[in-house]
There are 2 protein chains.
Amino acid sequence: MRDANSLLASGQGWAGRPGAGQGMNSVGETLARHLASFGELPAADFAAVAALKGEVRDLPRQTDILRNGDQPTHVVLVLSGLLHRYTIGPEGKRQIHSFYLPNEAPSLETLYIDYMDNNLGAVVPTRVGLISHDQIYRIIDERPEARKLLWRQTLVQAAIFRQWLVRNSNLPAHMALAHLFCEMFVRADAAGLVEDRRCSLPLTQEYVADALGLTAVHTNRTLQALRETGVVEWRSGQLTVYDWPKLREIARFDPNYLHLRSTELAGRR
Amino acid sequence: MRDANSLLASGQGWAGRPGAGQGMNSVGETLARHLASFGELPAADFAAVAALKGEVRDLPRQTDILRNGDQPTHVVLVLSGLLHRYTIGPEGKRQIHSFYLPNEAPSLETLYIDYMDNNLGAVVPTRVGLISHDQIYRIIDERPEARKLLWRQTLVQAAIFRQWLVRNSNLPAHMALAHLFCEMFVRADAAGLVEDRRCSLPLTQEYVADALGLTAVHTNRTLQALRETGVVEWRSGQLTVYDWPKLREIARFDPNYLHLRSTELAGRR
DNA sequence: CGCTCGCTTGATCTCCTTCAAGGACAGTGG
DNA sequence: CCACTGTCCTTGAAGGAGATCAAGCGAGCG
């Protein structure tokens with residue numbers, strides 16, 4: 001068990017400075033850095049990925065970038081804002097499959113899956129980068145190490161989905177909520193977005209409810225109970241973790257499934 | 001909407017004959033055939049995969065082949081029997097992530113993930129084939145088309161996990177149960193294991209309960225309700241679908257997420 | 001024959017849903 | 001500057017799907 005400070009103290013390099021970085025990095029660089037957080041990426045491969053050209057696009061809040069049935073020709077990268085992957089059930093019920101923070105690559109699976117069976121949309125105004133499949137295919141053919149990390153990234157996604165399955169199937173509401181907070185916090189930290197035990201998490205309670213498979217009402221009540229413990233606070237789009245060990249304890253959170261490289265982060269065994 | 005017969009009539013070739021095939025096919029052939037069910041596999045690539053050498057191993061019921069924390073050196077193929085992927089929660093609660101029928105390849109993700117974050121075990125006495133990672137790596141390096149299908153296979157796994165997430169988060173018990181039956185039935189059919197609207201599904205009610213995140217008691221009651229509709233029967237390890245359209249309707253089952261090649265099977269749009 | 005494992009049934013409890021409404025706040029337009 | 005409106009959060013009360021606890025039953029098996 002490690003305290004909150006060690007988590008925050010682990011400098012993730014470029015993102016240590018407040019607000020720095022984002023605008024300055026190309027789309028390719030963002031992807032390269034993301035891949036490097038899952039394993040060793042040789043300098044030459046890093047450079048090759050970083051050199052990829054990407055189109056930047058701004059999405060208004062609550063608009064989709066990929067839709068059920070689409071056959072995408074580009075891979076999406078989050079540059080700022082927040083994306084979510086979701087489906088709408090037969091009775092109009094929305095299930096969110098995952099959230100995607102800046103620097104993450106939500107749609108790598110479109111490289112080898114023929115069509116989307118879900119939607120990818122912006123929660124808040126979001127800037128994304130688009131890299132053509134063709135460019136990535138070339139990397140895959142020519143750069144085994146980069147290929148390995150791209151592939152691994154899609155596998156980690158799958159591991160996260162499985163964890164969401166466990167969470168929503170088994171855990172009572174307060175544990176599930178704490179668990180979601182843990183995951184988003186660690187992922188934010190891995191992306192260099194945690195600062196002073198806080199990170200941005202610009203969701204509404206309804207989004208969280210649809211992620212956990214709960215109602216907004218019950219999510220609200222559960223949230224209040226969590227707040228009263230003083231362990232964590234989530235207000236106006238800001239997640240603040242006051243007591244990381246205790247939050248982990250509540251959620252029984254084990255970050256292994258995220259397969260992050262940095263052992264500092266979350267006490268990988 | 002299509003009737004049950006068209007589903008069953010679609011000959012999947014080698015498995016049309018009762019009980020035939022299994023013993024005769026090499027481990028490599030099984031993998032090659034499985035990959036081919038997700039896309040075009042050129043003859044040369046098919047041959048290369050089919051030529052892979054695999055060790056055959058028999059697992060007693062309820063024994064694990066891969067364990068949380070393991071770093072596998074081989075890929076697992078199901079030759080006969082039934083595997084399940086699962087984790088045990090902090091309070092000893094088991095969550096099953098997926099079941100694996102004969103001809104399926106449960107553990108392809110171990111190729112590029114460093115260690116297991118879950119368990120893979122036999123439900124009933126199961127024969128598996130083991131192909132070394134090294135051999136697969138060679139295929140991946142030398143055979144782009146085979147690589148594409150291997151990768152795709154892992155992506156389809158992820159899509160299935162997401163569907164399980166939706167099922168367990170949103171659907172009431174009777175729909176969830178029907179949905180599981182639908183999925184296993186279609187997958188069995190894709191593997192050539194459906195015969196006369198029946199397939200083997202050698203689970204106990206407790207396994208199903210742990211897959212759906214329900215209790216065994218409630219699974220039992222839900223099952224009885226489903227039985228009384230006359231749409232489907234599941235007894236002594238045999239799943240029989242009497243009215244496929246109606247079962248699909250109950251579950252609101254849309255097989256798109258399985259990304260199967262054969263359009264006959266399940267009415268892909 | 002007795003034992004274990006899996007299935008079944010009944011009664012009670014509780015977590016979460018549903019329905020309904022009030023309140024805080026920001027944005028907009030007069 | 002203030003009413004107006006929409007979005008999101010909050011609160012209350014009642015109902016239900018599924019959990020929990022407990023026990024009986026049937027069949028395969030050593």
Side-chain angles (χ1 to χ4, degrees), chain A residues 60-63 82 84 89 91-96 121-125 167-180 200-228 232-239 250, chain B residues 60-63 82 84 89 91-96 122-125 167-180 200-228 232-239 250-251:
Chain A
R61 51 172 251 153
Q62 301 192 4
T63 53
L82 190 69
H84 69 307
E91 278 84 15
K93 191 161 182 180
R94 172 176 68 175
Q95 175 66 47
I96 294 175
V123 175
V124 289
R167 176 163 68 210
N168 291 11
S169 303
N170 278 327
L171 301 191
H174 69 281
M175 286 179 68
L177 187 54
H179 195 282
L180 177 62
S200 169
L201 193 62
L203 298 167
T204 66
Q205 294 184 4
E206 193 160 3
Y207 275 99
V208 171
D210 288 347
L212 300 180
L214 301 172
T215 57
V217 171
H218 196 241
T219 301
N220 178 287
R221 293 196 233 264
T222 307
L223 193 54
Q224 293 175 52
L226 245 193
R227 255 202 299 261
E228 274 167 21
V232 65
E233 191 178 33
W234 173 56
R235 271 187 194 286
S236 54
Q238 285 280 321
L239 180 68
I250 292 173
Chain B
R61 50 172 251 154
Q62 303 191 5
T63 53
L82 189 70
H84 68 308
E91 278 83 16
K93 189 161 185 181
R94 172 176 67 175
Q95 174 66 47
I96 295 176
V123 175
V124 290
R167 175 162 69 210
N168 291 12
S169 302
N170 279 327
L171 300 190
H174 69 281
M175 286 179 67
L177 187 54
H179 194 282
L180 178 62
S200 169
L201 192 63
L203 299 166
T204 65
Q205 294 183 3
E206 194 160 2
Y207 276 98
V208 170
D210 287 347
L212 300 180
L214 302 172
T215 57
V217 171
H218 196 241
T219 301
N220 178 289
R221 294 197 233 263
T222 306
L223 193 55
Q224 292 175 52
L226 245 194
R227 255 202 300 261
E228 274 167 20
V232 65
E233 192 178 34
W234 173 56
R235 272 186 194 286
S236 53
Q238 285 279 323
L239 180 68
I250 291 172

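Per chain, numbering begins at 1; letters A, B, ... match sequence-line order.
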Nearest 0.5 Å, please: how far is [atom2] in [Y] from [atom1] in [X]?
X: L223(B); Y: L214(B); atom1: CG; atom2: CG; value: 11.5 Å
X: R227(B); Y: R235(B); atom1: CZ; atom2: CZ; value: 4.0 Å
X: M175(B); Y: E91(A); atom1: CE; atom2: CD; value: 5.5 Å
X: D210(A); Y: H84(A); atom1: CG; atom2: NE2; value: 8.5 Å
X: L239(B); Y: L180(B); atom1: CG; atom2: CG; value: 9.0 Å
X: H218(B); Y: N220(B); atom1: NE2; atom2: CG; value: 10.0 Å

Under the 3.5 angstrom rule, does the side chain of [X] hit a backbone N or O of [Y] as a donor-acceptor pair?
X: Q62(B); Y: V124(B); value: no
X: N168(B); Y: R167(A); value: no
X: H174(B); Y: T222(B); value: no

Nearest-Å distance once atom C1' is located in both dT11(D) and dA26(C):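 Comparing C1' positions in dT11(D) and dA26(C) gives a spacing of 22 Å.
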
Q: In whole angstrom, give me the gap between the C1' atoms of dG23(C) and dA14(D).
A: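 Looking at atom C1' only, dG23(C) and dA14(D) are 22 Å apart.
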
Show each protein N/O and nucleotides 5-9 of chain D N/O combination with a separation under 3.5 Å, one pair to a line.
| unit_1 | atom_1 | unit_2 | atom_2 | d |
| --- | --- | --- | --- | --- |
| dC9(D) | OP2 | Q205(A) | N | 3.0 |

Once you round it to whole Å, what is the distance between C1' of dA17(D) and CG of L212(B)?
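Result: 15 Å.
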
Residue that, paired with L177(B), satisfies side chain to side chain contact (heavy atoms under 4.5 Å, CB included) out of I250(B), V208(B), L171(B):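 The option that passes is V208(B).
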
Opening and closing nucleotides of DNA chain C in contact with chain B, under 4.0 Å to non-hydrogen atoms:
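With heavy atoms of chain B under 4.0 Å away, the range is dG6(C) to dA11(C).
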
The contact string for nucleotides 18-29 of chain D, one letter per nucleotide 5' to 3', using protein heavy atoms under 4.0 Å with B, S and - for base, sugar-phosphate only and none, comes out as BSBB--------

